[in-house]
Amino acid sequence: MSYIRTRVANGVGEVVLDRPTALNALDSSMIRDLYAPLLQWRDDPEITAVLVTSASGRAFCAGGDIKSVRDAALARDLDRVRAYFAEEYRLDELVATYPKPYLALLDGVTMGGGLGISVHGAVRVVSEKALLAMPETAIGFIPDVGASHFLPRLRGTTARCDAVGMYLGLTGARVTAGDALAVGLATHFVPSDRIGALADRIRAGLWQDALDEFAEPAPESALADRFPDIEQVFGDGTVADIVTRLDDDALGDTAWVAQTRDALRALSPTSLYATAELLRRGGESTLSECFARELDVAVRISVEPDFAEGVRAVLVDKDRNPAWSPKTLEDIDPAKIAALFGD
């Protein structure tokens, strides 16, 4: 049984993600079944555009099938861990280098691996139901699927890692449609009740006309209102520096400060330090270099205690009470983080 359905009409190749009970979480079979038609259509002169949609009313794609990766890591089957991520990143890189218009309709939850098969594409349509995030630090992992390339470059940043990208990568904060458009994760806004009609118009081979007809002004962005605070806190320095700034009374005793400080203190210390280093290096690397680095770090961090514990707490037992090792940011050994990067 395949969780991927495909169809071709009027020069448009469509991929439908159809694993609703798992919110379209990408297992190995889905990754392979998605890669094959995209590769075929890439070189097919009859295909002029690609559309990616979801059969789920709740999600575009909630991420990767990380529980199976945890099982492989616990069994110390690192070949299987590497194979999963290598195939996923190969798919993401195909999307990023696709020579034809690639359109993804994000009408629901889109996290982790879901961003890998959407954000790298040319057109990312979001509705008010869209909710985007890279929440990997909550499970003892790192933002991957090319996130070390696109997060440092949010809002068009090129000179250094974007502070908003660092904020989203470290905290795993959820992003609404207005936020996604404000930072560049999305390209167009279409209300959810018009997404079906938009898809039909795209299937008719009129994708550019469809976007011109259906796209509406972006909703307001609460995240954009926080840009000055995020710049002040996440603009530079180490994770310890960032937490220290959040403890500074000069920022004011706001709900955002408290929420952000509490979030960072609750997440995997190892993941936070690894993520900060990954994004800093990614800001100075090509996409291919980012994928290669992410693959190495993903395999190494998968056998760290926090990965098994984080996935257990969030996805297996769901008690949301992970016991991190080391427990606090202050306990992190810089040599351990360097080892994750092969240094």
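For the single chain, residues carry numbers from 1 onward in sequence order.
With rounding to the nearest 0.5 Å, the separation of CD1 in Ile332 from OG in Ser268 is 7.0 Å. Of the inter-residue distances, the one linking Lys129 atom NZ with Phe60 atom CZ reads 13.5 Å to the nearest 0.5 angstrom. We find the CZ-OG1 distance between Arg226 and Thr254 to be 5.0 Å, quoted to the nearest 0.5 Å. Taking NZ from Lys67 and CG from Asp27, the interatomic distance works out to 12.0 Å, rounded to the nearest 0.5 Å. To the nearest 0.5 angstrom, Asp33 atom CG is 6.5 Å from Ile4 atom CD1. Of the inter-residue distances, the one linking Thr171 atom OG1 with Leu264 atom CG reads 6.5 Å to the nearest 0.5 angstrom.
For the residue pair Thr53/Glu14, the side-chain donor-acceptor check at 3.5 Å is satisfied. Using a 3.5 Å distance cut-off with no hydrogens or angles, the side chains of Arg293 and Ser148 do not pair a donor with an acceptor. Under 3.5 Å, the side chains of Thr238 and Asp241 contain a donor-acceptor pair of N or O atoms.
A salt bridge is defined here as a Lys NZ or Arg NE, NH1 or NH2 lying under 4.0 Å from an Asp or Glu carboxylate O, and Arg312 with Asp319 meets this definition. Under the 4.0 Å criterion applied to side-chain N and carboxylate O atoms, Arg80 and Asp77 are assigned as salt-bridge partners. Ion pair Arg281/Asp343 flagged as a salt bridge, since at least one NZ, NE, NH1 or NH2 atom sits closer than 4.0 Å to an Asp/Glu carboxylate oxygen. Note on Arg265 versus Glu330: salt bridge recorded, some NZ/NE/NH1/NH2 to OD/OE distance being below 4.0 Å. Looking at Asp296 and Arg82, a side-chain N of the basic residue comes within less than 4.0 Å of a carboxylate O on the acidic one, giving a salt bridge.
For the pair Arg5 (side chain) and Val16 (backbone), a donor-acceptor distance under 3.5 Å is absent. No donor-acceptor pair closer than 3.5 Å links the side chain of Ser56 to the backbone N or O of Leu23. For His120 (side chain) and Val145 (main-chain N/O), a donor-acceptor pair under 3.5 Å exists by modelled atom type. At least one donor-acceptor pair under 3.5 Å links the side chain of Glu294 to the backbone N or O of Gly146. Judged by distance alone, with hydrogens and angles left aside, the side-chain atoms of Thr110 form a donor-acceptor pair with the main-chain N or O of Gly108 at under 3.5 Å. Side-chain atoms of Thr48 come within 3.5 Å of backbone N or O of Gly11 as a donor-acceptor pair. Under a 3.5 Å cut-off, the side chain of Tyr84 and the backbone N or O of Asp65 do form a donor-acceptor pair. The closest donor-acceptor contact from the side chain of Glu128 to the backbone of Ser192 lies under 3.5 Å. For the pair Tyr98 (side chain) and Ala122 (backbone), a donor-acceptor distance under 3.5 Å is absent.
Two residues are said to be in side-chain contact when any heavy atoms from C-beta on lie closer than 4.5 Å; Asp306 and Ser325 meet this criterion. Residues Arg124 and Thr187 have side chains in contact (heavy-atom distance under 4.5 Å, counting atoms from C-beta outward). Between Leu51 and Arg203 the shortest side-chain heavy-atom distance falls below 4.5 Å. Using a 4.5 Å heavy-atom threshold, the side chains of Leu287 and Phe150 count as separate. Proximity of Val125 to Leu103: side-chain heavy atoms (C-beta onward) are nowhere separated by under 4.5 Å. The shortest side-chain heavy-atom distance between Trp41 and Tyr102 does not fall under the 4.5 Å cut-off. Counting only heavy atoms from C-beta outward, the side chains of Pro99 and Arg42 approach each other to under 4.5 Å. Counting heavy atoms from C-beta outward, Ile230 and Trp256 have side chains that approach closer than 4.5 Å.
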Should Val69 and Val311 be marked as a side chain to side chain contact (heavy atoms under 4.5 Å, CB included) after you check the CA-CA gap, both sets of side-chain angles, and the distance that decides it? CA-CA 10 Å; Val69 176; Val311 177; over 6 Å; no
Any chance you could lay out the side chain to side chain contact (heavy atoms under 4.5 Å, CB included) test for Ser288 and Glu93, step after step, and finish with the verdict? CA-CA 8 Å; Ser288 292; Glu93 192 160 14; 2.6 Å; yes
Side chain to side chain donor-acceptor pair (under 3.5 Å) evaluation trace for Asn24 with Ser54: CA-CA 8 Å; Asn24 294 332; Ser54 167; 2.8 Å; yes
Go through Arg245 and Asp236 one step at a time and tell me if the salt bridge (charged side-chain N to carboxylate O under 4.0 Å, His left out) criterion holds. CA-CA 11 Å; Arg245 293 183 191 120; Asp236 55 28; 2.7 Å; yes
From CA spacing to verdict: side chain to side chain donor-acceptor pair (under 3.5 Å), Asp144, Tyr89: CA-CA 8 Å; Asp144 60 341; Tyr89 301 169; 2.6 Å; yes
Please determine whether side chain to side chain contact (heavy atoms under 4.5 Å, CB included) holds for the pair Arg70 and Val316, giving the CA-CA distance in whole Å, both sets of side-chain angles, and the decisive distance to 0.1 Å. CA-CA 10 Å; Arg70 176 183 185 263; Val316 180; 4.1 Å; yes
Might you work through the side chain to side chain donor-acceptor pair (under 3.5 Å) test for Asp247 and Thr244, ending with a clear yes or no? CA-CA 5 Å; Asp247 288 331; Thr244 297; 5.5 Å; no
Side chain to side chain contact (heavy atoms under 4.5 Å, CB included) between Glu304 and Leu340, worked out: CA-CA 10 Å; Glu304 291 292 323; Leu340 292 174; 4.2 Å; yes
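Val239 approaches Ala276 most closely through the heavy-atom pair CG2-CB, 3.8 Å. When all heavy atoms of Leu78 and Ser302 are compared, the closest pair comes out as CD2-OG, 4.3 Å. When all heavy atoms of Ala138 and Val314 are compared, the closest pair comes out as O-CG2, 3.7 Å. The shortest non-hydrogen separation linking Cys161 to Leu279 is SG-CB, 3.9 Å. Of all the heavy atoms in Val233 and Ile242, the pair that sits closest is O-CG1, 3.4 Å. The minimum heavy-atom distance between Ala55 and Asp18, with the atom names listed, is CB-OD1, 3.4 Å.
Residues Met30 and Leu91 share a single hydrophobic cluster, defined by chaining ILVMFWY side chains whose heavy atoms lie under 4.5 Å apart. Hydrophobic clustering, with ILVMFWY side chains joined whenever heavy atoms are under 4.5 angstrom apart, keeps Leu105 apart from Val50. Clustering ILVMFWY residues whenever any of their side-chain heavy atoms sit less than 4.5 angstrom apart, transitively, puts Val299 in the very cluster that holds Tyr273. Linking ILVMFWY residues whenever their side-chain heavy atoms come closer than 4.5 Å, directly or via other members, places Leu329 and Ile301 in the same cluster. Under the 4.5 Å side-chain heavy-atom criterion for Ile, Leu, Val, Met, Phe, Trp and Tyr, Val8 and Ile202 are members of distinct hydrophobic clusters.
Residues in residues 300-343 take part in these ring pair (Phe, Tyr, Trp, His ring centres under 6.0 Å) pairs, two or more places apart or across chains: Phe141-Phe307.
A search for side chain to side chain donor-acceptor pair (under 3.5 Å) contacts involving Asp331 returns Thr328, not counting sequence neighbours.
In this structure, Arg90 forms a cation-pi arrangement with Tyr35, its terminal cationic atom sitting closer than 6.0 Å to the ring centre and no more than 45° off the ring axis.
Of the options Arg153, Arg280, Arg155, a salt bridge (charged side-chain N to carboxylate O under 4.0 Å, His left out) to Asp162 is made by Arg155 and by none of the others.
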